[in-house]
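Before any comments, here is the structure.
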Number of protein chains: 2
Amino acid sequence: MRRTKAEAEETRNSILNAAERVFFEKGVSTASLDDVAKAAGVTRGAIYWHFSNKTDLFLELYNTVNLPLEDMIARNVVQPGADVLCYIEKSAGDWLDQLAGDEHRQRIFTILLRCPYGEDLLPVLEKQQEVDDRHTVMLDSAFDTARSEGFLNGNWTPQSATKALRWMMEGLCSEWLLFGRRFDLASEGKDGLKRLFDSFRQTPATAEALAAS
Amino acid sequence: MRRTKAEAEETRNSILNAAERVFFEKGVSTASLDDVAKAAGVTRGAIYWHFSNKTDLFLELYNTVNLPLEDMIARNVVQPGADVLCYIEKSAGDWLDQLAGDEHRQRIFTILLRCPYGEDLLPVLEKQQEVDDRHTVMLDSAFDTARSEGFLNGNWTPQSATKALRWMMEGLCSEWLLFGRRFDLASEGKDGLKRLFDSFRQTPATAEALAAS
DNA sequence: AATTATACAAACAGATACGTATGTTAAAAC
DNA sequence: GTTTTAACATACGTATCTGTTTGTATAATT
């Protein structure tokens, strides 16, 4: 029974939504296409009509959330004049808020964390690395601006600050997502960010006091 | 052809070693018991003799490295008198050295990071959480000693320091293990630890200078 | 109005992978 | 020395899962 174009797009989306839920609950490799089909209320025929196989379905699912992901990073552009460290901190805090409030994003991230990157999903891994690398470069330059403007404490270099921030964010999100969200991501995360950025910062008073001692 | 007890234990170990390699390369869920058997130079009959199924094999594999894991944590006991922060930092650095130098441990950790914790491997996840919780408690008390002895900087609490350290370690190791060991874990990790612990520390001179300002 | 192409469902064939059952050999036990 | 039993290998049946093929009803095309 042929559906209209809009209906077809609707089933395609329902398949993607079902795949997200099923992949999240059972894992990408153990979930079968029949599981996804049943969860979407269709048969495997519909899936094979819209996607070529499970890997393709996973890649399309990844692409649906890929753009907002990169948007998130693009928002990290440095606005001249303002305190760069405050800006980076706020940017990271916003990221946490977004993740904490968006179950869709949470499921996708969890799937990506747990998925077995074996040869066929290699493009996903490479894209992840590419995004991470670009993010690292932007953070590096932002922290370098902070340093040249005298905001960065002496025992941090731009590169070390970038790494510390990235590692902390990664560990924070990993523990929250993989271990059952056992704490408040936004509040505890932003508290940690505040303390870390306080150690990044160097108030003029402190600098003078240290120089005088 | 019945083997002697020592030979049987040998094949059992070879199966565990093969399982470690195969699970690491192909992922736990996609790897078949026949893959493990071929890698070990035996048939599936041998595996089913020594283990009841794949989940059991995985659990046994997990148990073989579980003891050294907990040893690592037990080494974190607080030695009174010495600088507690230095002790924690050295302990974390030692952990990184161990991981960087032990491919066996690297493979196990990677398997644990990527494995799909779905119902049957739930005990593994729970044990991980239990170990993590004990580790957190020990770190909390250690940082609290540091605070009561005046070593901890004012903008860090014992709990926040514990979390920052744990998140940084987790993010550091995750990125190194899951993304192809693209940097030097020991040197970069210990450098990050040094800077983080410098921000934990509060030298008497700094404290006085701050109080005078 | 007849034809065609679309959007699926249903059926089919092939390949694994699993668990078990059975066979086989040599070490232990007696 | 015979029996037993441990330590596997081999063979078997079965349940998925996958990819393809075929069927089919209806929207779109003409």
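Just so we're on the same page: letters track the sequence lines, and every chain starts at 1. We use all heavy atoms of the structure for the numbers below, so side chains are in, but hydrogens, waters and symmetry mates are not.
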(message) If the threshold is 4.0 Å, N to carboxylate O, is there a salt bridge linking A:R147 and A:D144?
(response) yes

(message) Holding to salt bridge (Lys or Arg N to Asp or Glu O under 4.0 Å), I want the full list of residues that pass it with B:D34, two or more places apart in sequence or in another chain.
(response) B:K38

(message) Could you tell me how far apart A:L57 (CG) and D:dT18 (C1') are, to the nearest whole angstrom?
(response) 14 Å

(request) For the residue pair B:D35 and B:S32, confirm or rule out a side-chain donor-acceptor distance under 3.5 Å. (result) yes

(request) Please list, chain by chain and in numerical order, all residues satisfying side-chain hydrogen bond (donor to acceptor under 3.5 Å, both in side chains) with B:W176, sequence neighbours excluded. (result) none

(message) A:N155: which residues meet the side-chain contact (heavy atoms from CB on, under 4.5 Å) condition with it, sequence neighbours left out?
(response) A:N153, B:D198

If you restrict it to nitrogen or oxygen atoms, what contacts under 3.5 Å exist between nucleotides 18-21 of chain C and the protein, and what is each distance?
unit_1, atom_1, unit_2, atom_2, d
C:dC18, OP2, B:L33, N, 3.4
C:dG19, OP2, B:Y48, OH, 2.3
C:dG19, N7, B:R44, NH2, 2.5
C:dG19, O6, B:R44, NH2, 2.8

(message) Roughly what angle, to 10°, lies between the helix axis at the start of the helix from C:dA1-D:dT30 to C:dC30-D:dG1 and the one at its end, five pairs per end?
(response) 0°

(message) I'd like to know if the side chain of A:K163 reaches the main chain of B:L172, judged simply by a donor and an acceptor atom lying under 3.5 Å from each other, with no hydrogens or angles considered.
(response) no

(message) Whole angstroms only, please: what is the CG-C1' distance between A:D56 and D:dT18?
(response) 15 Å

N/O to N/O distances under 3.5 Å, protein versus nucleotides 28-30 of chain D:
unit_1, atom_1, unit_2, atom_2, d
D:dA28, OP1, A:T4, OG1, 3.3

(message) Can you list everything that forms a salt bridge (Lys or Arg N to Asp or Glu O under 4.0 Å) with B:E10? Sequence neighbours excluded, please.
(response) none

(message) For DNA chain C, which residues of residues 7-28 of chain A approach it to below 4.0 angstrom with any heavy atom?
(response) A:A8, A:T11

(request) Taking side-chain contact (heavy atoms from CB on, under 4.5 Å) as the test, write out the residues that go with B:Q129, two or more places apart. (result) A:F179, A:R182, B:L125

(message) Going by side-chain hydrogen bond (donor to acceptor under 3.5 Å, both in side chains), name the residues that satisfy it together with A:T30, two or more places apart in sequence or in a different chain.
(response) none

(request) May I ask you to list the residues of residues 35-43 of chain A, by number, that have any heavy atom positioned under 4.0 Å from an atom of DNA chain C? (result) A:V42, A:T43

(request) For A:D97, check salt bridge (Lys or Arg N to Asp or Glu O under 4.0 Å) against everything at least two apart and list the hits. (result) A:K190

